[in-house]
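Notes to accompany the following structure.
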Amino acid sequence: MRKRDVDHDSEEDFADFYRTARDGCLRAVYAACGDRALAEDLTGEAFARAYASWGKVSRHPAPRAWVVRTALNTHVSWWRRRRREVAWDEALDPAQDAQPGERLDAQVTAALRALPRRQREVVALRIFLDLDTGTTARALGIAPGTVTAHLSRATAALRESLAPNREQEPVS
Amino acid sequence: MIDQQDQQLYDEVGTAFADVRLERDATDVIRRGRTLRRRRKAVPALAAAGVLAFSLSLAAVTVQTHPSSRTTLVNVNVDEAAFSVHTNATTGVMTITIRDFHDENLLKQTLADAGIPAVFHSEKVTVVEVNGGERVYGQCNWVGATELTVEVATYSFHAGVTIFTLYPSRMPHGSVLAFNYTTQSDGKRLASAQLFASTPTGCVV
């Protein structure tokens, strides 16, 4: 009844955004929160909220950062309720964390999980969304200098954690 | 400035996540987004708790037909311990004040007297906090009717009392308000209302 053409256009616009941004956002949220199932819940809910406010989010300078930030701030129950046939304690089983065909490098995930939360978030935005310092700072609501400091510390910690891994690789 | 060694490190971490994909379809996300939009426009609200159950029944019903509405509306002024319903005789706007969750049948009858079809469902849900997230079990969804997106009410919450401001003239003919009285396991209470094109057949978990 109301603004059907506009709604249709915005829906297609959002769907395009979703298709191009969903994997990167999920990876960033997964890297930041360390729980595969929770990351999917949070990311799905954040995208739904982005759609609900698409008029605003589409004009945001970094919509993907908006989604990740929203995901990390969201306490979500919706997607879990949709899958209520799965016992919640079963869903939390770390053995079921990864999806079929998905093999995460245990050393990489361990190195990420060892980082403090804020450092993990900065790294996630830098690596998976390729955000610059200023955009990362705005997305996380912290000063650019703090982003630089977190990234520097996180990079050093990751290098140290992953160094043995890289030393085993053949040198060409 | 990111040096080459740092970039190689980031690439290594990024590659570890290369197989992580969000398989959820866009239509699912959009459907959920539409629901969020509707809720924002509708009438979710926190309801009151702990009211002394003395019954003060002051019912004065005045009949007046609103020509602008497709539904025959009746002005109602009712005060009960659990709720109050008052119609502004000039504007036709109805104020529904919910102080407690009992007497829902009486509220249903009062609204029916005013020309507002309504259904009620009370539920108890369990809220579990997990990994910084919140999961709710036992919440029901209305079935058997199409939800409408017409904005028919706003709400406010003051000192433990929820006040719905309802615009009955905006309700399409035959539409029904569905109220949910939700009591969480932590004792919090949540009242919400949705508008449906017809009477839902039930609320299922």
Side-chain angles (χ1 to χ4, degrees), chain A residues 1-2 11 14-15 18-19 22-23 25-28 30-31 33-36 38-45 47-54 74-82 84 88 92 98-99 101-105 107-109 111-112 123 126-128 151 155 158-159 162 165-166, chain B residues 1-41 123 125-141 148-151 172 182 184 190 197 204-205:
Chain A
M1 286 194 333
R2 298 171 291 137
E11 197 169 299
F14 172 81
Y18 176 74
R19 278 189 283 270
R22 61 180 172 179
D23 291 341
C25 289
L26 174 63
R27 290 165 191 162
Y30 184 11
C33 80
D35 180 319
R36 174 68 174 81
L38 179 64
E40 188 172 333
D41 284 354
L42 295 171
T43 308
E45 179 70 5
F47 270 111
R49 291 185 183 193
Y51 177 76
S53 303
W54 187 236
T74 298
H75 288 184
V76 65
S77 60
W78 172 257
W79 298 107
R80 284 291 178 201
R81 273 180 278 152
R82 292 194 68 191
R84 63 172 65 83
W88 69 272
L92 284 175
Q99 302 297 300
E102 201 179 273
R103 288 187 299 277
L104 281 189
D105 186 317
Q107 212 164 359
V108 171
T109 52
L112 280 170
V123 164
R126 170 66 189 86
I127 293 177
F128 298 106
L151 186 59
T155 303
L158 285 173
R159 183 175 290 118
L162 299 175
N165 196 34
R166 287 202 302 278
Chain B
M1 194 73 179
I2 307 290
D3 69 25
Q4 195 175 354
Q5 282 189 327
D6 288 348
Q7 190 57 55
Q8 285 175 349
L9 181 69
Y10 300 156
D11 290 344
E12 182 180 342
V13 175
T15 302
F17 286 76
D19 290 336
V20 176
R21 297 183 191 285
L22 187 56
E23 302 294 346
R24 195 166 292 166
D25 197 72
T27 52
D28 283 345
V29 174
I30 288 172
R31 191 179 303 124
R32 168 65 177 152
R34 285 200 195 106
T35 302
L36 292 174
R37 274 186 188 171
R38 281 198 298 270
R39 285 186 186 173
R40 208 165 46 195
K41 290 176 181 175
E123 62 188 1
V125 302
T126 302
V127 180
V128 180
E129 285 190 22
V130 181
N131 291 345
E134 195 177 71
R135 295 169 189 177
V136 182
Y137 300 91
Q139 199 165 41
C140 79
N141 294 301
L148 302 176
T149 58
V150 183
E151 187 177 355
T182 306
Q184 296 183 178
L190 181 76
V204 298
V205 177

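Every heavy atom of this structure was used, including side-chain atoms; hydrogens, water molecules and symmetry mates were not.
- Among all heavy-atom pairs drawn from B/G14 and A/F128, the shortest one is CA-CE2, 3.8 Å.
- Residues A/V108 and B/T15 are not in side-chain contact: their nearest non-hydrogen atoms beyond the backbone lie 4.5 Å or more apart.
- With a 4.5 angstrom heavy-atom cutoff, B/D25 touches chain A only via backbone atoms.
- A donor-acceptor distance shorter than 3.5 angstrom exists from the side chain of B/R37 to the backbone of A/Y51, with no hydrogens or angles considered.
- Residues B/G33 and A/A52 approach most closely at O-CB, 3.6 Å, considering heavy atoms.
- Contacts of B/Q8 with chain A are absent, with no heavy-atom separation under 4.5 Å from either backbone or side chain.
- When atom types are taken as modelled, the side chain of A/R22 and the backbone of B/R24 share a donor-acceptor pair closer than 3.5 angstrom.
- With a 4.5 Å cut-off on non-hydrogen atoms, A/A50 does not touch chain B at all.
- Distance alone, capped at 3.5 Å, is enough to place a donor-acceptor pair between the A/R27 side chain and the B/V20 backbone.
- Heavy-atom minimum distance, B/L22 versus A/T43: CD2-CG2, 3.9 Å.
- You'll find the side chain of A/L151 reaches within 4.5 Å of the side chain of B/Y10, heavy atoms only.
- Ranking A/A15, A/A39, A/A31 against chain B, the residue ahead of the rest is A/A31, based on heavy-atom pairs under 4.5 Å.
- Between B/Q7 atom CD and A/I127 atom CD1 the span is 8.5 Å, to the nearest 0.5 Å.
- At a threshold of 4.5 Å between non-hydrogen side-chain atoms, the residues B/T27 and A/E11 do not count as touching.
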